[in-house]
Amino acid sequence: MNLLDDLRWRGLLAQSTDEKALAEALSKPITLYVGFDPTAPSLHCGNLVVLLVLRRFQLAGHYPIALVGGATGLVGDPSGRNEERSLNSTEIVENWVSRIRTQVSAFLDFDAPKNPARVVNNLDWTSPLSAIEFLRDIGKHFSVNQMLAKDSVASRLDAGGISYTEFSYQVLQSYDYLELFKRHGCTLQLGGSDQWGNIVAGLDLIRRVEGGSGHALTVPLLTKSDGSKFGKTAGGSVWLDPEMTSPYAFFQFWLNSEDKDVINFLKVFSFLSHDEINALEKSHNENPGLREAHRALARELTTLLHGAETTQRVEAAARALFGQGELGELDEATLASALAELPRATISKREDIPTWVDLITAAGVVDSKSAARRIVKEGGAYLYNVKISGDDFAPTKSDFLCGKYAVLRKGKRDLAAIELI
RNA sequence: GGCGGGUUGCCCGAGCGGCCAAUGGGAGGGGACUGUAAAUCCCCCGGCUCUGCCUUCGAAGGUUCAAAUCCUUCACCCGCCA
């Protein structure tokens, strides 16, 4: 099965320019790129969809380029937004660029003997450009009529307006594609389906300036079965950065996918074969309670992002914390590694042990003491698996396993570790 | 530049001098039922040293015993006109 057929099977094809021509082009290795704008300190799991498609292309023998938008991130993409972005300072964007560069790199192979990956920053070719050059050499090729017709712009005009800055975004992105076409012979740009307009604008520019041609391919916007936005949890987005979303939380995010979504997610996010996914689908339908598909999904993605060792730790932690096993029976090393993944608070041995409310707040599981008190009042506060009551409840020294660790729980699955030092 | 409309808690959106920490919806949280699902039902949802106190209704001043609500100035957004 060829790459395009595989992508279609996984539901990863939204739009493409002449598909026959693209399939033909893909019979030989080509160079392709995807752009990521630094709009946050980290990519989130939604960005993973297209990033993993880029990886699929590399695995199929093509040359992948990941572009980090040091320039476009300073301007702001109007696509898919109904209001103007607030601009970030250059220092912030620079910092985010370097962090995202590292993240993206983890999914690509730079040492592949035949088709090594590349990471580029569009600031490299955009910043030397003068305003006059920009207007004369690039701007001249754009028709405002066409720019206005772009979905991203038209919808913003309806929704109240768009600044000249964001209006110009498509020109910058087009210029990127042109630049990569010239520098690296890049002939395919991938993106989310909201990027279609920007991508084809780039193709136009390549044709006008170079008389060349390239391809565009977009990936559908991932939706959940209930129509809600993918990738958000109570705590906000699920980030790739382990500082922002712990490996434990990352694993739990996938494990807690809804039944209706899990097979679809396996197709989109995993590199399992069709047979393996079909087998998981069968077992899932026969016994959803076992959640084999969920586990496979969580395991594969956590391994891909954080490595096999971390994944094992995280899984062991989940087993110990949720499972039937008694925490008290674990040896200190196992216990410590299980708890390593949890949000935590440390307290001094010398002082009195604070209340459950204070501890859970200190661990950052709730936003305020009021919220913590509310949890207690509502009966969602636990020490280990025992429900506690009363605002003034505090664990005692004997509640600490190995004289060191205690586990607090908020609701069904929010855990915190308390360490006595 | 002129005239008019707007800026309310995470989001949408009521309130238009006291009964306002502020109606309603969404999101979110806890409980029950389960499989660390979904659906459903009940409850909660600014903060704190919590029978009370403190800080919020774009910002800063002012009027008043009392202001999200009235006045002044400023900032930003939208519309119409130039």
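Side-chain atoms are counted along with the backbone in the values below, which use heavy atoms only and exclude waters and symmetry mates. Here is the naming used below: chain letters follow the sequence lines, and residue numbers restart at 1 for every chain.
Put simply, CG on A:N264 is 17 Å from P on B:A38, counting in whole angstrom units. Distance NE2 (A:H294) to C1' (B:A37): 6 Å, rounded to an integer number of Å. Rounded to whole angstrom, the span from the NZ atom of A:K369 across to the C1' atom of B:U55 amounts to 17 Å. In this structure, the CG atom of A:L297 is 14 Å from the C1' atom of B:A37, given to the nearest Å. Between A:D414 atom CG and B:G31 atom C1' the separation is 15 Å, expressed in whole Å. Distance A:E258 CD to B:U34 C1': 15 Å, rounded to the nearest Å. To the nearest angstrom, C1' of B:C33 lies 8 Å from NZ of A:K412.
Contacts of A:R374 with the nucleic acid, taken as non-hydrogen atoms under 4.0 Å apart, involve only primed sugar atoms and P, OP1 or OP2. Within the nucleic acid shown, A:I375 comes within 4.0 Å of sugar-phosphate atoms alone, with no base atom in reach, counting heavy atoms only. No contact: A:F251 has no heavy atom under 4.0 Å from any strand. Counting any heavy atom pair closer than 4.0 Å across all strands shown, A:S370 reaches a base atom.
The aromatic rings of A:Y33 and A:Y177 sit perpendicular to each other, their planes meeting at more than 60°, with 30° as the lower class boundary. The aromatic rings of A:F250 and A:W254 lie perpendicular to each other, with more than 60° between the two planes, well past the 30° mark.
By the 6.0 Å and 45° rule, A:R55 stacks over the aromatic ring of A:F271.
A donor-acceptor pair under 3.5 Å is formed between the side chain of A:T302 and the backbone N or O of A:A298.
RNA chain B is contacted by both A:D259 and A:G380; A:G380 maps to the nucleotide lying nearer its 5′ end (nearest heavy atom per residue).
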